[in-house]
Visitor: 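First the structure, then my questions, so here it is.
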Amino acid sequence: MPSVFDVAEGILELLPENFTTTWKLQKLVYYAQAWHLVWDAEPLFNKPIHAWAHGPVCPELYKRHRGKFNVSTVRGDARTLNESQRETVEIVVDHYGLLSGQQLRDQTHVEPPWQDARRGLSPRDRGESEITHDAMVEYFGALSG
């Protein structure tokens, strides 16, 4: 199974400018995980995604880019993605890649997986609640129906 860094590197390689904001990268990683769970019935990577104030964040990936606004690499290896995993990443980048980090943040804020994981938290609370695989599959699976 690829690491979250491998998936993020695959995303960065597909973006036209080969770099992006950390907000955008985090949301694209989240959408790649969600859609891979729906389409392949297995996780794309094995790290949790939390419902932070500004949207879904993989804390392990955050540690790698902390303090940066833009990133061009997270020192992953996209070659570890198999054909199906690469296809998921390509579809996600094709569908969501033209949106800004702010637009992706706003989109995740109206979706039940993030909202449900944030229940009971104030808008400014960082929050450590995990967005579960089940929540992603339930919501995104219904969209693909």
Side-chain angles (χ1 to χ4, degrees), residues 1-119 121 126-145:
M1 175 179 292
S3 72
V4 66
F5 310 113
D6 300 336
V7 172
E9 202 67 44
I11 289 169
L12 288 166
E13 289 176 5
L14 291 171
L15 293 171
E17 55 279 340
N18 293 107
F19 73 92
T20 192
T21 66
T22 56
W23 271 19
K24 181 172 180 172
L25 181 61
Q26 286 282 356
K27 298 346 166 229
L28 292 174
V29 164
Y30 163 71
Y31 283 122
Q33 178 77 303
W35 285 112
H36 197 73
L37 285 163
V38 170
W39 294 329
D40 286 51
E42 64 181 17
L44 186 54
F45 55 87
N46 64 0
K47 295 297 182 188
I49 296 176
H50 292 184
W52 285 11
H54 293 291
V57 170
C58 177
E60 290 300 312
L61 180 58
Y62 174 78
K63 289 175 191 173
R64 184 78 48 106
H65 66 61
R66 183 180 182 163
K68 297 178 182 172
F69 181 76
N70 288 314
V71 290
S72 59
T73 185
V74 291
R75 299 183 318 272
D77 185 354
R79 294 172 298 181
T80 65
L81 279 68
N82 66 31
E83 185 179 333
S84 176
Q85 295 161 342
R86 184 171 301 282
E87 183 178 2
T88 296
V89 169
E90 289 171 356
I91 293 168
V92 165
V93 170
D94 284 348
H95 185 77
Y96 298 98
L98 293 178
L99 299 174
S100 70
Q102 181 69 48
Q103 289 170 315
L104 290 168
R105 174 203 177 272
D106 293 347
Q107 184 167 322
T108 63
H109 277 51
V110 299
E111 296 170 342
W114 181 86
Q115 290 177 339
D116 293 346
R118 294 283 305 169
R119 190 165 285 125
L121 296 172
R126 181 183 210 170
E128 295 300 323
S129 298
E130 185 175 340
I131 301 174
T132 67
H133 291 174
D134 287 345
M136 289 183 232
V137 169
E138 181 179 338
Y139 176 70
F140 290 99
L143 292 179
S144 71

Visitor: From D94 CG over to L14 CG, what is the distance, rounded to the nearest 0.5 angstrom?
Guide: 8.0 Å
Visitor: Using every non-hydrogen atom in the two residues, find where P59 and P48 come nearest and quote the distance to one decimal.
Guide: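 Heavy atoms of P59 and P48 come nearest at CD-O, 3.5 Å.
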Visitor: Just how far is it from atom OG1 of T22 to atom CZ of R64, taken to the nearest 0.5 Å?
Guide: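 So the OG1 of T22 and the CZ of R64 are separated by 14.5 Å.
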Visitor: For the pair Q33 (side chain) and Y30 (backbone), establish whether a donor and an acceptor sit closer than 3.5 Å, ignoring hydrogens and angles.
Guide: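 Between the backbone of Y30 and the side chain of Q33 there is no qualifying donor-acceptor contact (under 3.5 Å).
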Visitor: Could you list the donor-acceptor pairs under 3.5 angstrom formed between side-chain atoms of residues 1-12 and any protein atom two or more places apart in sequence or on another chain?
Guide:
residue, atom, partner, partner atom, Å
S3, OG, F5, N, 3.2
S3, OG, D6, N, 3.0
S3, OG, D6, OD1, 3.3
S3, OG, D6, OD2, 3.2
D6, OD1, D77, N, 2.8
D6, OD2, S3, N, 3.0
D6, OD2, T80, OG1, 2.9
E9, OE1, T73, OG1, 2.9
E9, OE1, V74, N, 2.9
E9, OE1, R75, N, 3.2
E9, OE1, G76, N, 3.2
E9, OE2, T73, OG1, 3.1

Visitor: Identify the two heavy atoms, one from P56 and one from K27, that lie closest to each other, and give their separation to 0.1 Å.
Guide: O-NZ, 3.3 Å
Visitor: Minimum heavy-atom separation for S144 and G141, please, with both atom names.
Guide: OG-O, 3.0 Å
Visitor: Just by modelled atom types, is the S129 backbone N or O under 3.5 Å from a matching donor or acceptor in the R118 side chain?
Guide: no
Visitor: M136 and I131: which non-hydrogen atoms are nearest, and at how many Å?
Guide: CE-O, 3.3 Å
Visitor: With a 3.5 Å distance limit and no angle check, can you tell me whether Q26 reaches the backbone of C58 through a side-chain donor-acceptor pair?
Guide: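 Yes.
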Visitor: Decide yes or no on side-chain contact (heavy atoms from CB on, under 4.5 Å) for T20 and L28, but give the supporting numbers first.
Guide: CA-CA 10 Å; T20 192; L28 292 174; 5.5 Å; no
Visitor: With a 3.5 Å distance limit and no angle check, can you tell me whether H109 reaches the backbone of A53 through a side-chain donor-acceptor pair?
Guide: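 A pair under 3.5 Å: yes.
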Visitor: Could you check whether any side-chain heavy atom of Q115 comes within less than 4.5 Å of a side-chain heavy atom of T108, counting everything from C-beta outward?
Guide: no
Visitor: CD of E17: more than 12 outside heavy atoms within 6.0 angstrom?
Guide: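 More than 12 within 6.0 Å, yes.
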Visitor: Would you indicate whether the side-chain heavy atoms of V29 and F45 approach each other to under 4.5 Å?
Guide: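 Sidechains of V29 and F45: in contact.
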Visitor: If you take all heavy atoms of T132 and A135, which pair is closest and at what distance?
Guide: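 Heavy atoms only, the tightest pair is OG1-N, 3.0 Å.
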Visitor: Assess whether atom CD of E87 is packed by more than 12 heavy atoms of other residues, nucleotides or ligands within 6.0 Å.
Guide: no
Visitor: CG of L37 to NE2 of H133: how many Å apart, nearest 0.5 Å?
Guide: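 Going from CG on L37 over to NE2 on H133, the span is 5.0 Å.
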Visitor: What residue pairs, at least two apart or across chains, pass side-chain hydrogen bond (donor to acceptor under 3.5 Å, both in side chains) with a residue in residues 35-57?
Guide: W35-Y96, H36-T88, D40-S84, H50-E128, H54-R105
Visitor: Walk me through whether Y31 and Q107 qualify under side-chain contact (heavy atoms from CB on, under 4.5 Å).
Guide: CA-CA 11 Å; Y31 283 122; Q107 184 167 322; 3.4 Å; yes
Visitor: Quick check: do L104 and W23 have side-chain heavy atoms less than 4.5 Å from each other?
Guide: no
Visitor: Going by an N to O cut-off under 4.0 Å, is there a salt bridge joining K63 and E60?
Guide: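 Looking at E60 together with K63, the answer is yes, because their closest N to O distance falls below 4.0 Å.
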Visitor: Are more than 12 heavy atoms, taken from residues, nucleotides or ligands other than L143, located less than 6.0 Å from that residue's CG atom?
Guide: yes
